[in-house]
Asker: 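Sharing a structure, written as structure tokens. Questions coming.
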Amino acid sequence: MGIKFYEAEKVFKLDTKNTSYVIGIVDTENFVGHVYYGKRVEDSDLQYLLRISEAPFVPSQNNRDRLSFYDSFPMEYSTHGVGDFREDSIAVETLSGHKGLQLGYVSHKIYAGKSVLQGLPSTFGDESNCETLELYCEDKVLGLEVVLVYSIFNDVDAVTRSVRVNNHGSEAIYLTKVLSSCIDMDNRDFDLITLHGSWARERHIQRRKIGYGKQGVASLRGESGHQENPFMALTTANASQEEGEVYGFNLVYSGNHHTLAEVNQHGTVRAVIGINPVDFKWKLEKECSFQAPEAVLVYSSEGIGGMSRNFHDLYRNHLIRGEYKDKKRPILINNWEATYFNFDTEKLLSIAREASSLGIEMLVMDDGWFGHRSDDNRALGDWTVNEEKIAGGLKYLVDEVNKLNMKFGIWFEPEMISPDSNLYRAHPDWAIAIPNRTAGLARNQYVLDFSRKEVIDYIYESVATVLRSANIEYVKWDMNRPLSDIGGVELPADRQGELFHRYVLGVYELQERMTKEFPHILLENCSGGGARFDPGMLYYSPQIWTSDDTDAIERLSIQEGTAMVYPLSAMGAHVSDCPNHTVGRVTPFETRGYVALAGTFGYELDVTRIPAEDRAMIPEQVEMYHRYNDLVREGDYYRLASYGENHNHDCWQVVSKDKTKALVTYIQVMAQPNTRGRILRLKGLDEQKSYRLSVNDKTYKGSTLMNAGILLEKMQGDFKGKLIYLESV
Ligand code: DGJ
């Protein structure tokens with residue numbers, strides 16, 4: 001690993017173990033060009049890749065064709081308004097209404113370690129494991145400094161990028177777009193992979209060939225969204241799980257995003273990612289700075305699986321923080337699907353008693369315990385315990401649960417306010433709304449204006465007061481509607497375009513405060529299921545609720561898409577009751593356990609009321625979780641088959657880093673008549689090692705298991721699953 005500046009060649013080279021990222025400075029105007037990103041190369045004299053010797057010449061030699069230059073040069077960070085007609089990365093508007101800017105390299109800094117991003121989540125590293133390059137660029141006319149920041153790590157093939165804008169000009173300027181990353185490269189017949197979805201159907205994989213023009217995903221919902229995750233991958237045409245080249249892009253941000261690939265007239269591709277410029281306008285006063293979020297770039301020459309494993313390692317080692325970062329999480333039982341709003345102390349304790357006797361380790365009290373919240377029409381914002389429901393008070397309940405040798409967790413939705421709440425009656429202007437227009441309700445609630453300090457201070461204190469009042473060891477932070485009717489009463493007209501981003505900064509500030517004051521609390525983010533499953537949230541919470549759809553079969557595609565980018569350790573996954581509340585499907589309890597085992601593992605059911613034979617299986621499942629969770633949480637993830645592709649079965653595998661253990665999970669969705677047993681070729685093992693298989697106690701070499709495979713005998717029945725454990729002998 002290393003970052004080097006080759007002065008003679010005017011080249012910056014960032015080498016990770018298997019990849020190189022190369023930037024070149026050209027011409028007397030010091031344009032910053034994107035030279036190369038891909039498999040590691042050893043030479044530094046690579047400026048020829050910028051094709052500056054081809055006509056049209058660089059501007060200083062041939063101003064006549066300046067626009068042709070701008071419109072074809074591979075830019076490291078494209079600018080608006082001076083002739084690069086492709087997707088721009090930064091756009092401004094001066095007080096006189098002008099928009100052009102051009103950046104030239106001025107200086108740079110290379111240092112060991114990595115700086116934090118003010119007010120924003122970001123990957124971290126120290127002097128022993130990461131290195132950073134800061135490229136100082138400037139628009140001379142505006143006095144605007146744009147710092148392009150790159151970091152690399154010694155244990156993972158990833159490059160992180162972020163951008164800081166400093167206004168050294170003589171007056172304020174409006175930033176109307178500040179993306180986090182841009183790269184230009186030749187189109188190698190790329191496919192585009194994105195993760196699309198909806199409520200209860202998050203992060204399904206979509207793959208398509210890219211064509212001329214722009215294609216990508218975005219959010220304008222104020223959150224990353226159920227619909228389109230802030231992620232895209234460009235893959236060479238036949239890239240599979242293990243072969244082909246893949247470029248992955250992910251944004252460490254939880255608000256509006258803009259993620260796209262553009263193929264231009266010359267057949268080159270520009271890939272950008274950052275804050276969505278729509279509804280974004282940031283007034284940057286003189287000598288003030290703006291910090292754009294961090295983008296993560298991963299290149300893999302070992303297919304999609306190689307990309308996934310790099311994202312997982314980066315996020316597990318350099319993004320997720322806190323006491324639970326590398327720890328097994330307690331098996332929880334959440335009362336949402338068990339009771340919805342219909343619960344009281346006695347009901348919760350009856351669930352806890354039964355759960356504890358079966359080996360479950362934590363009770364989570366979901367929505368409905370506060371204010372006069374008898375349904376989802378009221379009381380958000382009133383974070384005081386409803387003692388009519390929670391007779392004896394919260395501390396009593398928590399103490400009783402603790403006596404059962406269980407931890408206690410609680411649900412909040414801190415960003416929201418119900419019109420029918422004491423908080424709204426006292427502060428109607430705390431809800432985001434456009435003056436003189438009735439704001440739209442969703443789930444009968446408004447969004448609090450988290451750009452206002454008094455609002456987040458008030459909410460923090462009311463949440464923290466509850467957390468301080470009893471031995472609470474887990475918080476589920478929910479968020480159940482997107483932002484609309486964007487208007488903030490405190491912002492002047494020319495700062496209304498800051499509200500979306502300021503809102504996200506407010507959410508981050510609150511989560512940072514909470515994790516600082518309550519470091520022992522396991523935080524799980526959630527947004528109507530998985531609408532905020534993004535790296536920004538992972539910085540604060542080691543796990544995120546993946547989806548409100550807990551059906552084992554629906555979860556196959558949801559979890560496959562999620563795991564393409566995010567580690568299994570982060571995926572909230574529970575065994576729930578049947579018929580499933582979302583789709584009405586009935587699946588075996590055993591299969592529900594196997595699917596939940598691929599995530600954090602827990603329960604979401606009334607354990608006092610499920611069929612006795614299901615209940616009897618829980619101790620075995622608890623044991624299964626304790627046996628395999630280290631492997632699932634820390635191992636390398638391989639996809640063996642995709643139900644989304646074959647519409648029949650699903651199969652994934654985790655392998656310990658030292659390749660001594662592996663676990664294969666196979667789910668047969670629909671049984672088919674007159675078929676034979678299936679040969680499964682395993683992945684990621686050590687060819688030379690011998691492994692004993694749990695299913696037949698036989699021992700085979702890794703080379704046999706990976707090349708010839710194992711025989712999975714034909715299973716009768718729909719929705720059946722099998723776990724195969726291997727250990728080297
Ligand atoms: C949405 C979450 O995803 C559910 O798990 C549950 O907490 C409800 N909100 C409660 O309102």
Asker: Donor-acceptor pair, distance only, cut-off 3.5 Å: does the side chain of Asp478 make one with the backbone of Gly528?
Answerer: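 It does hold such a pair.
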Asker: Could Arg592 and Phe719 be counted as a cation-pi pair, given that NZ or CZ must be under 6.0 Å from the ring centre and within 45° of the axis?
Answerer: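 Pair Arg592/Phe719 does not count as cation-pi.
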Asker: Is it true that Tyr603 and Gln621 share a donor-acceptor pair across their side chains at a distance under 3.5 Å?
Answerer: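 A donor-acceptor contact under 3.5 Å links the two side chains.
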Asker: Indicate yes or no: at least one non-hydrogen side-chain atom of Phe412 is less than 4.5 angstrom from one of Val466.
Answerer: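 Counting from C-beta outward, Phe412 and Val466 do come under 4.5 Å.
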Asker: Looking at side-chain heavy atoms only, is the closest gap between Asn580 and Thr550 below 4.5 Å?
Answerer: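 Yes. Closest side-chain heavy atoms under 4.5 Å.
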Asker: So, are Lys722 and Glu713 salt-bridged, with charged N and O less than 4.0 Å apart?
Answerer: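 No salt bridge links Lys722 with Glu713.
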Asker: Could you check whether any side-chain heavy atom of Val475 comes within less than 4.5 Å of a side-chain heavy atom of Val463, counting everything from C-beta outward?
Answerer: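 Heavy-atom side-chain distance check fails, nothing below 4.5 Å.
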Asker: More than 12 non-hydrogen atoms from neighbouring residues, nucleotides or ligands closer than 6.0 Å to CZ on Arg609, yes or no?
Answerer: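 No - once you tally the heavy atoms of other residues, nucleotides and ligands closer than 6.0 Å, there are 12 at most.
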Asker: Given side chains that start at C-beta, do those of Phe311 and Pro535 come closer than 4.5 Å, heavy atoms only?
Answerer: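 Heavy-atom side-chain distance check fails, nothing below 4.5 Å.
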Asker: Considering only NZ, NE, NH1 and NH2 on the basic side and carboxylate oxygens on the acidic side, decide whether Glu623 and Arg627 come within less than 4.0 Å.
Answerer: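 Yes.
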Asker: Have Tyr474 and Glu524 got a donor and an acceptor in their side chains that come within less than 3.5 Å?
Answerer: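 The answer is yes; a qualifying pair exists.
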Asker: Between Asp382 and Arg373, is there a salt bridge with N-O shorter than 4.0 Å?
Answerer: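 Salt bridge between Arg373 and Asp382, a charged N being under 4.0 Å from a carboxylate O: no.
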Asker: Does the side chain of Glu354 come under 3.5 Å of the side chain of Thr608 through a donor N or O and an acceptor N or O?
Answerer: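 No.
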Asker: Can you tell me if Arg201 uses its side chain to pair, donor with acceptor, with the backbone of Glu554 under 3.5 Å?
Answerer: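 No; judged by distance alone, with no hydrogens or angles, the pair does not exist.
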Asker: So with a 6.0 Å cut-off around CZ of Arg681, is the heavy-atom count from everything else above 12?
Answerer: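 No, because the 6.0 Å sphere around CZ of Arg681 holds 12 heavy atoms or fewer from other groups.
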Asker: Using a distance-only test with no angle check, is there a side-chain donor-acceptor pair under 3.5 angstrom linking Thr675 and Lys714?
Answerer: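 Judged by distance alone, the side chains do pair up.
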Asker: Relative to Tyr725, does Lys661 satisfy both conditions: NZ or CZ under 6.0 angstrom from the six-membered ring centre, and within 45 degrees of the ring's axis?
Answerer: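 The answer is no, since Lys661 fails at least one limit relative to Tyr725.
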Asker: Taking the side chain as everything from C-beta on, heavy atoms only, tell me whether Lys657 gets closer than 4.5 Å to Asp313.
Answerer: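 The answer is yes, as the side chains (C-beta and beyond) meet within the 4.5 Å cut-off.
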Asker: Just by distance, with hydrogens left out, do Arg678 and Gln668 show a side-chain donor and acceptor under 3.5 Å apart?
Answerer: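 Side chains of Arg678 and Gln668: no pair found under 3.5 Å.
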Asker: Does a side-chain heavy-atom distance below 4.5 Å link Tyr340 with His581?
Answerer: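 With C-beta onward as the side chain, the pair touches.
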Asker: Verify side chain to side chain donor-acceptor pair (under 3.5 Å) between Asp650 and Gln559, making sure each step is shown before the conclusion.
Answerer: CA-CA 11 Å; Asp650 209 50; Gln559 294 185 181; over 6 Å; no
Asker: Would you say Asp658 has more than 12 foreign heavy atoms packed within less than 6.0 Å of its CG?
Answerer: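 Counting neighbours around CG of Asp658, more than 12 heavy atoms of other residues, nucleotides or ligands fall under 6.0 Å, so yes.
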Asker: Quick one: does Lys659's side chain get under 4.5 Å of Ser728's, heavy atoms only?
Answerer: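 The answer is no, as the side chains (C-beta and beyond) never meet within the 4.5 Å cut-off.
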Asker: For the CG atom on Asn471, are there more than 12 heavy atoms of other groups (residues, nucleotides or ligands in this structure) within a distance under 6.0 Å?
Answerer: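 Atom CG in Asn471 is crowded, with more than 12 foreign heavy atoms closer than 6.0 Å.
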Asker: Looking at Arg353 and Glu400, is any side-chain nitrogen of the basic one under 4.0 Å from a carboxylate oxygen of the acidic one?
Answerer: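 No salt bridge links Glu400 with Arg353.
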Asker: Is the terminal nitrogen or CZ of Arg309 (NZ for Lys, CZ for Arg) located under 6.0 angstrom from the six-membered ring centre of Tyr637 and within 45° of that ring's axis?
Answerer: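 Output no; distance or angle outside limits.
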Asker: How about Leu523 and Phe518: do any of their side-chain heavy atoms sit closer than 4.5 Å?
Answerer: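 Side chain of Leu523 against side chain of Phe518, heavy atoms only: no contact under 4.5 Å found.
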Asker: Is the positively charged end of Arg203 above the ring of Trp545, judged by distance under 6.0 angstrom from the centroid and angle within 45° of the axis?
Answerer: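 Pair Arg203/Trp545 does not count as cation-pi.
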Asker: Using the benzene-type ring in the case of Trp, are the ring centres of Phe343 and Trp336 under 6.0 Å apart?
Answerer: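 No - the distance between ring centres of Phe343 and Trp336 does not fall below the 6.0 Å cut-off.
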Asker: Please check if the number of heavy atoms outside Lys395 that lie under 6.0 Å from its NZ is greater than 12.
Answerer: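 Atom NZ in Lys395 is not packed in, count stays at 12 or less.
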Asker: Answer yes or no: is there a donor N or O on one side and an acceptor on the other, between the side chain of Trp369 and the main chain of Trp411, under 3.5 Å?
Answerer: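 At least one qualifying donor-acceptor pair exists.
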Asker: Quick one about Asn377 and Ser418 (side-chain donor to acceptor, distance below 3.5 Å, no hydrogens or angles considered), yes or no?
Answerer: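 There is no such pair (donor and acceptor under 3.5 Å, judged by atom type) between the side chains of Ser418 and Asn377.
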Asker: Thinking salt bridges, do Glu361 and Lys328 make one under a 4.0 Å N-O criterion?
Answerer: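 Between Lys328 and Glu361 there is no salt bridge, as every charged N stays at least 4.0 Å from the carboxylate O atoms.
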